[in-house]
Number of protein chains: 2
Amino acid sequence: MAETRDRILDALGALLPEVGPAGATLEAVAARAEVSKGGLLYHFGSKEALYAGFLARLEEATAGEVERMRASADHGVETFLRVSSVTDDHFTRTFLSALVLIGTPEVDAAATVARVLAAYRSAVEECVPDPVLARLVQLVGDGLYLNAMVGSLDPAEDDQVIARVVAMTHP
Amino acid sequence: MAETRDRILDALGALLPEVGPAGATLEAVAARAEVSKGGLLYHFGSKEALYAGFLARLEEATAGEVERMRASADHGVETFLRVSSVTDDHFTRTFLSALVLIGTPEVDAAATVARVLAAYRSAVEECVPDPVLARLVQLVGDGLYLNAMVGSLDPAEDDQVIARVVAMTHP
DNA sequence: GATGCTGTACCGTCCAGCCGGTACAGTAGT
DNA sequence: ACTACTGTACCGGCTGGACGGTACAGCATC
């Protein structure tokens with residue numbers, strides 16, 4: 001069942017920011033997903049496959065997020081920056097987990113993250129004509145992600161920054 | 001000798017972005033530093049101590065970088081953003097290595113990175129009166145770091161973004 | 001000959017992956 | 001309808017290898 005698979009991937013995503021890749025052993029992931037280690041290995045034949053599945057789901061989710069941006073009323077800039085600055089969002093948490101995965105030998109998380117960033121970038125470019133400004137928007141969003149990763153968000157100030165950037169994109 | 005110590009830390013810094021924390025075994029670090037494992041453990045009694053030493057040196061280097069910013073002719077904003085967007089800088093590489101360390105159980109790299117970001121932030125705030133604009137500058141810099149980590153820098157465009165941001169900080 | 005440092009051999013632990021097994025559907029032939 | 005068989009989902013013990021850390025012997029230089 002795909003349901004168990006998703007539960008396993010959710011468990012991995014929950015574990016990664018807490019204990020890092022080193023602590024995310026197959027047994028730990030299995031326990032968190034309430035599956036035995038054997039059961040986990042039935043769905044994902046190796047740790048590499050597990051990580052690959054996780055990153056694949058992130059890329060799928062990215063497509064959905066980008067769609068949500070495009071569909072947002074005025075334009076996607078604010079939607080984009082809001083997601084970047086909120087840590088209790090499912091997508092943000094998944095993305096941060098992927099960042100933690102960078103450097104693990106089993107999988108090339110950096111490449112996946114790069115693709116995610118690229119997808120966002122082209123989406124921002126769609127609604128911000130000036131390419132330099134579009135890149136600036138994206139960089140601010142990425143900066144928010146980095147700060148979220150190390151727990152350095154400053155909600156009050158960041159809200160004002162977002163407002164300022166949004167204003168810049170309005171002629 | 002402090003020279004050997006530094007060589008070991010350099011080896012760790014060189015290894016981390018290449019193979020990640022999992023690949024940075026004591027033996028691998030020792031080999032890269034052209035020291036035996038025993039020699040490494042003479043200087044750093046444990047892996048935790050090795051990581052701690054690495055992060056401590058990063059914090060020291062941060063102080064130096066911030067000083068360089070303060071001393072820069074016009075103001076530090078451009079100096080800051082330039083460093084963030086150049087991957088062959090020693091400090092940048094060390095910083096990126098520390099990012100890869102986030103999530104390892106031996107050491108709290110996130111806290112160190114947070115302190116580094118905070119140091120930069122207060123330095124930027126010194127030369128940019130408007131706090132919102134200062135935070136924006138810092139977020140752009142952090143975004144550049146994140147993009148550097150996954151190899152998504154776009155030098156041509158990023159140069160223009162830096163110029164734009166610098167212009168914004170000039171009244 | 002003491003001190004600072006190096007190299008090596010070894011131990012204990014931990015973990016990924018394997019494998020033999022269980023349960024429980026279907027499903028088909030009778 | 002029951003029996004025999006097959007595939008899917010899952011379990012948990014085992015093992016081989018890797019890695020962190022220890023012990024100890026060697027070797028400069030002072």
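Below, chains carry the letters A, B, ... as their sequence lines are ordered, and counting in each starts from 1. None of the values given here were measured: they were computed from a predicted structure.
A close approach under 4.0 Å does occur between a side-chain nitrogen or oxygen of H43(B) and OP1 or OP2 of dT6(C). Between Y42(B) and dC5(C) there is a side-chain N or O to OP1 or OP2 distance below 4.0 Å. Note on S36(B): a side-chain N or O is less than 4.0 Å away from OP1 or OP2 of dG7(C).
Among residues two or more places apart in sequence or in another chain, the side-chain hydrogen bond (donor to acceptor under 3.5 Å, both in side chains) test is passed with T92(B) by D89(B). Among residues two or more places apart in sequence or in another chain, the ring-ring contact (aromatic ring centres under 6.0 Å, His included) test is passed with Y51(B) by none. Looking at residues two or more places apart in sequence or on another chain, you find no side-chain hydrogen bond (donor to acceptor under 3.5 Å, both in side chains) involving E34(A).
In this structure, E34(A) places its CD atom 14 Å from C1' of dC10(D), rounding to the nearest Å. Across the protein-nucleic acid pair, L40(A) atom CG and dA16(C) atom P stand 10 Å apart, rounded to whole Å.
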Side-chain donor/acceptor pairs under 3.5 Å, residues 16-28 of chain A, sequence neighbours excluded:
residue: E18(A); atom: OE1; partner: R32(A); partner atom: NH2; Å: 2.9
residue: E18(A); atom: OE2; partner: R32(A); partner atom: NH2; Å: 3.2
residue: T25(A); atom: OG1; partner: A28(A); partner atom: N; Å: 3.1

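Listed by first and then second residue, the salt bridge (Lys or Arg N to Asp or Glu O under 4.0 Å) pairs that reach into residues 44-56 of chain A come to none, sequence neighbours excluded.
Ion pairing between a basic and an acidic side chain is recognised when a charged N comes within 4.0 Å of a carboxylate O; R164(B) and D130(A) show such pairing.
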What string of B, S and - do you get for nucleotides 19-30 of chain D, 5' to 3', when a contact is any protein heavy atom under 4.0 Å?
-> SBBB--------

